[in-house]
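Data first, discussion second: the structure below is written as structure tokens.
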Amino acid sequence: MLEARGIEKRYGELRVLKGVDLTVGPAEIVSIVGSSGAGKSTLLHILGTLDRADAGEVRLDGLRIDDLQGHRLAAFRNRQAGFVFQFHHLLPEFSALENVCIPGWIARQRPRELEGRAQELLRRLGLSDKAGQRPSQLSGGEQQRVAVARALVNRPRIVFADEPTGNLDSANARELHELFRQLRDQDGQTFLIVTHNEELARMSDRVIHMRDGRIV
């Protein structure tokens, strides 16, 4: 499904990625672990088209996605990929439900179907009673779960998650990983997760270790 070959990245004189090869299969949950500075987040951002490599290529089902530009790149990010970061980046003027719906509005989904999907995701994440509240009225863990629902609302084929449990307590972190597994089983979605939490990483199908810009 997702295949990266020879990924290299520099920032000035610093070589962050040193020829990384990686393959992720359909409906697979893969965690990438390693110490700070190993290149995990840089690799994830390149695989998700949020950054560009200096060398190498990234393909999804044979299509080079690292070469996409303009409308094709925006469409890929909106419809094929979902993104979850450590910090939720919710829009403060919108309710939880509206924040979840934003990717669907961009994709011009039918409003009634979109709202139903958003409500269902909030229910699965234990937030049914928070749908009308704004981010400032939610706890940090609740805000992060809204961000997860937003990433999933367009049913992306692959979800890129960068420290998605960094602001969650251990119980909510485990619940989030269990949700990823349920979605994989029910919807066939693929998850690529960067995490420092090796206990949670072991809940994945496969764990990849990075050190000094390489997979080890």
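Source: prediction; values computed, not measured.
Both Leu121 and Val148 sit in one connected hydrophobic cluster of ILVMFWY residues. Membership requires side-chain heavy atoms under 4.5 Å apart, directly or through other members. Criterion: ILVMFWY side-chain heavy atoms under 4.5 Å apart, direct or through other members. Under it, Val159 and Leu47 are not part of a common hydrophobic cluster. Residues Leu176 and Leu138 fall within the same hydrophobic cluster, defined by Ile, Leu, Val, Met, Phe, Trp and Tyr side chains chained together at heavy-atom separations under 4.5 Å. When hydrophobic clusters are built by joining Ile, Leu, Val, Met, Phe, Trp and Tyr residues whose side-chain heavy atoms come closer than 4.5 Å, directly or via intermediates, Ile29 is not grouped with Leu60. Ile193 and Ile215 are not part of a single hydrophobic cluster, where members link through side-chain heavy atoms under 4.5 Å apart.
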Begin with the C-alpha distance, continue with both residues' side-chain angles, and end with the deciding distance and a verdict on side chain to side chain contact (heavy atoms under 4.5 Å, CB included) for Leu50 and Phe83. CA-CA 10 Å; Leu50 300 178; Phe83 300 93; 3.7 Å; yes
Candidate pair Arg59 and Leu2, rule side chain to side chain contact (heavy atoms under 4.5 Å, CB included), full reasoning: CA-CA 6 Å; Arg59 295 180 181 271; Leu2 183 71; over 6 Å; no
One pair to check against side chain to side chain contact (heavy atoms under 4.5 Å, CB included): Phe94 and Ile102. What are the steps and the verdict? CA-CA 10 Å; Phe94 290 112; Ile102 288 172; 4.2 Å; yes
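With contacts defined as side-chain heavy-atom distances shorter than 4.5 Å, the pair Glu3/Val58 does not qualify. The shortest distance between side-chain heavy atoms of Gln189 and Arg157 does not fall below 4.5 Å. The side-chain heavy atoms of Val33 and Thr195, taken from C-beta on, include a pair separated by under 4.5 Å. When side chains are defined from C-beta on, His177 counts as touching Thr165, because their heavy atoms get closer than 4.5 Å. Taking the side chain as every heavy atom from C-beta outward, His45 and Asp162 approach each other to under 4.5 Å. Counting heavy atoms from C-beta on, the side chains of Val30 and Phe191 never come closer than 4.5 Å.
In this structure, the side chain of Glu163 engages the main chain of His196 through a donor-acceptor pair within 3.5 Å. Side chain of Lys40 to backbone of Gly34: a donor-acceptor contact under 3.5 angstrom is found. At distances below 3.5 Å, not a single donor-acceptor pair connects side-chain atoms of Glu120 with backbone N or O atoms of Arg117. At least one donor-acceptor pair closer than 3.5 Å links the side chain of Glu98 to the backbone N or O of Ser95. Gln137 places a side-chain N or O within 3.5 Å of a backbone atom of Arg134 that can act as its donor or acceptor partner. When atom types are taken as modelled, the side chain of Gln144 and the backbone of Phe85 share a donor-acceptor pair closer than 3.5 angstrom. Between the side chain of Ser204 and the backbone N or O of Val207 there is no donor-acceptor pair closer than 3.5 Å.
A pairwise comparison of heavy atoms in Ile65 and Phe76 identifies CD1-CZ, 3.7 Å as the closest pair. Heavy-atom minimum distance, Thr190 versus Ala27: OG1-N, 2.8 Å. A pairwise comparison of heavy atoms in Leu91 and Asn99 identifies N-OD1, 2.8 Å as the closest pair. Ala118 approaches Leu97 most closely through the heavy-atom pair CB-CD1, 3.5 Å. The two atoms that bring Ala4 and Ile7 nearest to each other are CB-CG1, 3.8 Å, heavy atoms only.
When the shell of 6.0 Å around CZ of Arg206 is examined, it contains more than 12 heavy atoms from other residues, nucleotides or ligands. Dense packing is recorded around CZ of Arg64, with more than 12 heavy atoms of other residues, nucleotides or ligands lying under 6.0 Å away.
Separation of atoms CG (Leu179) and CG (Leu125) is listed at 5.0 Å; rounding is to 0.5 Å. Atom CD in Glu57 sits 13.5 Å away from atom CD1 in Ile46 (nearest 0.5 Å). Taking OG from Ser35 and CZ from Arg211, the interatomic distance works out to 8.5 Å, rounded to the nearest 0.5 Å. Summarising the geometry, atom CD belonging to Glu93 is positioned 11.0 Å from atom OG belonging to Ser136; distances are rounded to the nearest 0.5 Å. To the nearest 0.5 Å, atoms CD (Glu175) and CD (Glu178) are separated by 9.0 Å.
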List the atom pairs, donor and acceptor, that lie under 3.5 Å between side-chain atoms in residues 149-156 and the rest of the protein, sequence neighbours left out.
from   : atom 1 : to     : atom 2 : distance (Å)
Arg150 : NH1    : His89  : O      : 3.0
Arg150 : NH2    : His88  : O      : 2.6
Asn154 : OD1    : Gln109 : NE2    : 2.4
Asn154 : ND2    : Asn78  : O      : 3.0
Asn154 : ND2    : Pro103 : O      : 3.1

Residues 9-26 side chain polar contacts: donor-acceptor under 3.5 Å, at least two apart:
from  : atom 1 : to     : atom 2 : distance (Å)
Lys9  : NZ     : Arg52  : O      : 2.7
Tyr11 : OH     : Asp51  : OD2    : 2.9
Lys18 : NZ     : Asp212 : O      : 3.2
Asp21 : OD1    : Gly6   : N      : 2.7
Thr23 : OG1    : Arg5   : NH2    : 3.3

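Electrostatic pairing of Asp205 and Arg181 does not count as a salt bridge here, judged by no charged N lying under 4.0 Å from a carboxylate O.
Judged purely by distance below 3.5 Å, without hydrogens or angles, the side chains of Arg77 and Thr49 pair a donor atom with an acceptor atom.
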